Amino acid sequence: MAYAEDERLIRSVRNSAQALSVAARWATSRQPVKVTDDFLYEMYVLFRAVEDLTASYRVDYYPGIGKKRHAFPRNPAPKRGRPRFHLAKSERGEGVDWQLCAGTKIRDVHGVHRAPDISFQSGDSPEEPDFSNTSLIWDAKYRTDPSRRISGADISILGRWVELFELRDSPAPAIDFVSLNEMRANCLVTNAQTSTEPDNECSRLNVKEVTQMYPGRSPLIRP
């Protein structure tokens, strides 16, 4: 049985999915949910972003195809045929400013596929995106013990991906968040505690740590 904190996370994700008329594969299942599965936490972070962005954008759910129509990837997967969100300033359905994707494979500067947990892509990003279509990447790290720290290795891995997507020297894109405005950056997001890496190293990597992000808590962001 899940602990009370874990049950809160499950309720939050399910409520968000229902409010957005979206069903991740487990949303309507009677099968037990393993909270230790990072996928659940990734969906929580994704839906937190979507809920925040609805204050500034018309957010359209763009379903996938066939059996994967409402199946956000649990593992790296091609973008084609998987669900995502389209963000547009226009209320008339004209154009797309940003695409918000989960688990999408993206080709890096070497043509190698990488799959950030969450990526913000340009409005015209194709079905087979590469680094030039990518503006921000987020990595979600769930810890069963929230008193634990994320590791310096977690930061280094995300920093390497930022480099491979040529985002190291890129300014923050003009994505209009509201309460999550400080997350307009390449972020390592966790329910746990900050790493021991100095702020200067995070800044050098162009990465922010977002800690204690969990239902009922206020996230802390550094640097």
Side-chain angles (χ1 to χ4, degrees), residues 2 6 9-54 56-108 110-142 161 164-165 175 187 189:
D6 294 339
L9 176 61
I10 293 170
R11 286 197 304 272
S12 178
V13 177
R14 282 182 168 150
N15 290 341
S16 295
Q18 291 170 0
L20 295 165
S21 299
V22 176
R25 283 187 297 182
W26 42 264
T28 57
S29 171
R30 293 182 181 274
Q31 298 300 314
V33 176
K34 293 183 179 180
V35 180
T36 53
D37 186 344
D38 284 340
F39 174 72
L40 179 64
Y41 187 67
E42 290 165 17
M43 290 295 97
Y44 168 69
V45 175
L46 175 69
F47 290 152
R48 277 289 302 272
V50 170
E51 289 172 341
D52 189 82
L53 291 162
T54 55
S56 303
Y57 296 93
R58 187 191 76 247
V59 179
D60 294 323
Y61 175 59
Y62 191 91
I65 298 171
K67 293 182 179 180
K68 300 185 185 303
R69 180 175 176 82
H70 300 303
F72 289 94
R74 286 181 179 267
N75 299 299
K79 179 178 177 180
R80 188 183 303 276
R82 292 289 192 153
R84 59 182 182 263
F85 295 95
H86 286 182
L87 315 178
K89 284 290 188 181
S90 172
E91 292 295 332
R92 297 193 298 272
E94 298 173 357
V96 177
D97 293 289
W98 302 99
Q99 296 179 27
L100 180 55
C101 305
T104 292
K105 288 184 178 180
I106 302 169
R107 291 188 184 275
D108 67 15
H110 304 300
V112 176
H113 280 122
R114 314 283 176 180
D117 292 336
I118 297 171
S119 62
F120 290 80
Q121 302 176 24
S122 58
D124 60 355
S125 180
E127 294 297 287
E128 296 183 6
D130 65 20
F131 66 95
S132 67
N133 309 116
T134 308
S135 298
L136 287 182
I137 57 175
W138 290 358
D139 189 24
K141 295 293 184 186
Y142 179 78
W161 283 28
L164 290 169
F165 287 164
I175 301 172
C187 294
V189 188

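FYI, side chains are in, hydrogens and waters are out, and symmetry mates aren't considered; it's all heavy atoms of this structure. Note that this is a predicted model, so its numbers are computed, not measured.
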Quiz item: Is a side-chain N or O of Gln121 found less than 3.5 angstrom from the main chain of Cys101, in a donor-acceptor match?
Solution: no

If we ignore hydrogens and angles and just use 3.5 Å, is the side chain of Ser56 paired with the main-chain N or O of Leu53 as donor and acceptor? no

When every non-hydrogen atom of Gly103 is compared with those of Ala115, the smallest separation belongs to O-CB, 3.9 Å

Please check if the side chain of Asp52 supplies one atom and the backbone of Ala49 the other of a donor-acceptor pair under 3.5 Å. no

Rounding to 0.5 Å, atoms CD1 (Ile106) and CG (Asn133) come to a distance of 8.0 Å

> Stepwise, does the side-chain contact (heavy atoms from CB on, under 4.5 Å) test hold for Trp161 with Ile137?
Replying inline: CA-CA 9 Å; Trp161 283 28; Ile137 57 175; 3.9 Å; yes

Hits for salt bridge (Lys or Arg N to Asp or Glu O under 4.0 Å) against Arg107, two or more places apart or cross-chain, chain-then-number order -> none

dist Glu42:CD -> Lys141:NZ (nearest 0.5 Å) comes out at 8.5 Å

Interatomic distance, CD@Gln99 vs CG@Asp60, rounded to 0.5 Å, equals 11.5 Å

Here the gap from Ile118 atom CD1 to Leu136 atom CG, rounded to the nearest 0.5 Å, amounts to 11.0 Å

**Message:** Are the side chains of Tyr57 and Lys89 in contact, using a 4.5 Å heavy-atom criterion?
**Reply:** yes

Sequence neighbours excluded, the answer for side-chain contact (heavy atoms from CB on, under 4.5 Å) partners of Phe131 is Val109, Phe165, Glu166

Sorted by chain and residue number, the side-chain contact (heavy atoms from CB on, under 4.5 Å) partners of Pro83 (sequence neighbours excluded) come out as Tyr61, Phe72

Applied to residues 112-123, the salt bridge (Lys or Arg N to Asp or Glu O under 4.0 Å) test, sequence neighbours excluded, yields Asp108-Arg114

Heavy atoms of Met43 and Ala102 approach each other most closely as CE-CB, 4.1 Å

Do Phe120 and Leu100 touch side chain to side chain, with heavy atoms closer than 4.5 Å? yes

> Does the side chain of Ser125 reach to within under 4.5 Å of the side chain of Lys79, using non-hydrogen atoms?
Replying inline: yes

Residue set satisfying salt bridge (Lys or Arg N to Asp or Glu O under 4.0 Å) with Lys105, at least two apart, ordered chain then number -> none

Rounded to the nearest 0.5 Å, the CH2 atom of Trp98 sits from the CG atom of Asp124 at a distance of 10.5 Å

Taken in chain and number order and not counting sequence neighbours, the residues that satisfy side-chain hydrogen bond (donor to acceptor under 3.5 Å, both in side chains) with Thr134 are none

